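Counting starts at 1 for both ligands and their atoms, in listed order. Treat the numbers as computed from the prediction; the structure is a model and nothing was measured.
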Amino acid sequence: MTDTPTQLFIGGAWVDAADGATMPVDDPATGEILCHVADAGPKDARLAEDAAVQAQEEWARTAPRVRSEILRRAYEIILERTDELAHLMTAEMGKPLAEARGEVAYAAEFFRWFSEEAVRIDGGLATLPDGRNRMLLSRRPVGPCLLITPWNFPLAMGTRKIGPAVAAGCTMVLKPAPQTPLSSLALAAILKEAGLPDGVLNVVTTSRAAEVCEPLLRGGQIRKLSFTGSTAVGRLLLAQCADTVVRTSMELGGNAPFIVFEDADLDKAVDGAMVAKMRNMGEACTAANRFFVHASVAEEFGRRLAERMGALVVGPGTRDGVDVGPLIDRTGRAKVEELVADAVERGARVLVGGRTPEGPGCYYPPTVLTDVAPDSRLMDTEIFGPVAAILTFDDEDEVVRRANDTPWGLVGYVFTEGLDRALRVSERLEAGMVGLNTGLVSNPAAPFGGVKQSGLGREGGRVGIDEYLEYQYLAVPVR
Ligand code: NAP
């Protein structure tokens, strides 16, 4: 912790907030303060924006190979420092160390992937239908970007945006979540060490998100917003972007259905459920929120899932053998408690968990609810905790209709051994991603994103860099 930067990163320098403000970073395992970091205000945000704007032109001209090699070097440094970064993430966010190490590898992979994409930005030359005019197509960076990230994957949500922005030649102001600023500051230090020029990435940690971000979005210099967070905040930011027509990528909330058909392999389904539900303590946009299980296998699936969930060890993420760390904060835990109480009031049975432990830290036990009433609040609210809510269904049309009966469409999970059914149901699901007999879809080489109110655009994959590029078309008449 001692070497971790705690100041703002502006124009390649570490600086205090202009008004000297700082904010605490808490350890969710104990509730104690880990350290204080600079708390930026609008003036600091303007300086960060200026630095990004100033660096943009030269950065856009930098050779793709140079940008690629900076990302590659940063990828290597991140992997070399896996342990250090994992401890930092566990300290500020709570996830068990094994999961934090997994996130370090996942986060680093975005830099490797986009280091490979940086040198493959293409253009084109075409003869137009009249046979005389030519079209020269080139791709150019969008310009300075504002990147806003959530607390649940503190490192990977940063690299998933910074990687393609660097590859495309965009400069950035990154505003991480106030609960987890340390991972982003550590990332900035790594990128500087890897050779990223001053001003290309600027990091403003702040407890005053609205005050800091709105002037940037309305000011006309920021050309793109990439946001990962809740749908409610995404909607607000889209409205702010409208005035100056700022381009957006929005990775928003989810309400994932997890469908288990009567012909599913229940071993696979329970394994998949453990990942889709318990990755990151359930604090993931991809978390299975509604388990629809065919009535003929629901009892056995519930029993087996409850057994596995009940065997998980809950405790501080730094302790050996712990599977489930604390939730991010007391507010997050209170929301989970309320959703479970509401479901139980409407008739749900608790197969395991469901009781908040005494003592410090924001712990909540792995919980399985069955006989959940369809009008329970957790059916249309992201639970964001280790709670599996099981409902039953009888036929395919019915389950597809119920799965799609939500304003969100990030991801769905389908478990069946029938290929026809697997493809048919996946195609009918209104979701940007589908896990077929698997509980994990995230992969830097795949386009991540949702439909409906789960977002706009995709991150990762071949298309991830497109979000940071504009086309320019040159009309060339040939006489
Ligand atoms: P959040 O409350 O929407 O916050 C996300 C980020 O936006 C934070 O940095 C937050 O800072 C900032 N923010 C909030 N209000 C703002 C405003 N008016 N102007 C500018 N910035 C503002 O979400 P969260 O609780 O951190 O994260 C959980 C949500 O993220 C869930 O809904 C989850 O599904 C979603 N998520 C989606 C994906 C995906 O790829 N689709 C991935 C991960 C998470 P403050 O906290 O200071 O307000």
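Distance check for atom 4 (O) of ligand 1: every protein heavy atom is found at 4.0 Å or beyond.
Regarding atom 45 (P) of ligand 1, its nearest protein heavy-atom neighbour is Pro178 CD, 3.6 Å. Looking from atom 19 (N) of ligand 1 to the surrounding protein, the closest heavy atom is Leu237 CD2, 3.5 Å.
Contacts with ligand 1 closer than 4.0 Å are made by side-chain heavy atoms of Arg160 only, the backbone lying farther away. By the criterion of a heavy-atom distance under 4.0 Å, neither the backbone nor the side chain of Glu214 is placed next to ligand 1.
Look at Arg279 and Glu99 and you find no salt bridge, because none of the NZ, NE, NH1 or NH2 atoms lies under 4.0 Å from a carboxylate O.
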Pair Arg81-Glu193, salt bridge (Lys or Arg N to Asp or Glu O under 4.0 Å): steps then yes or no: CA-CA 13 Å; Arg81 305 214 180 128; Glu193 193 179 329; 2.8 Å; yes
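Taking 4.0 Å as the cut-off, Phe153 does not count as a neighbour of ligand 1 on heavy-atom distance.
Taking the centre and axis of the six-membered ring of Tyr471, the NZ or CZ atom of Arg139 falls inside the cone set by 45° and 6.0 Å.
Within the structure, every pair that satisfies the salt bridge (Lys or Arg N to Asp or Glu O under 4.0 Å) test and touches residues 232-259, not counting sequence neighbours, is listed here: Arg218-Asp243, Arg247-Glu470.
Not one N or O of Ser207 is nearer than 3.5 Å to an N or O of ligand 1, by distance alone.
Contacts of Glu211 classified as side chain to side chain donor-acceptor pair (under 3.5 Å), with partners at least two apart in sequence or in another chain: none.
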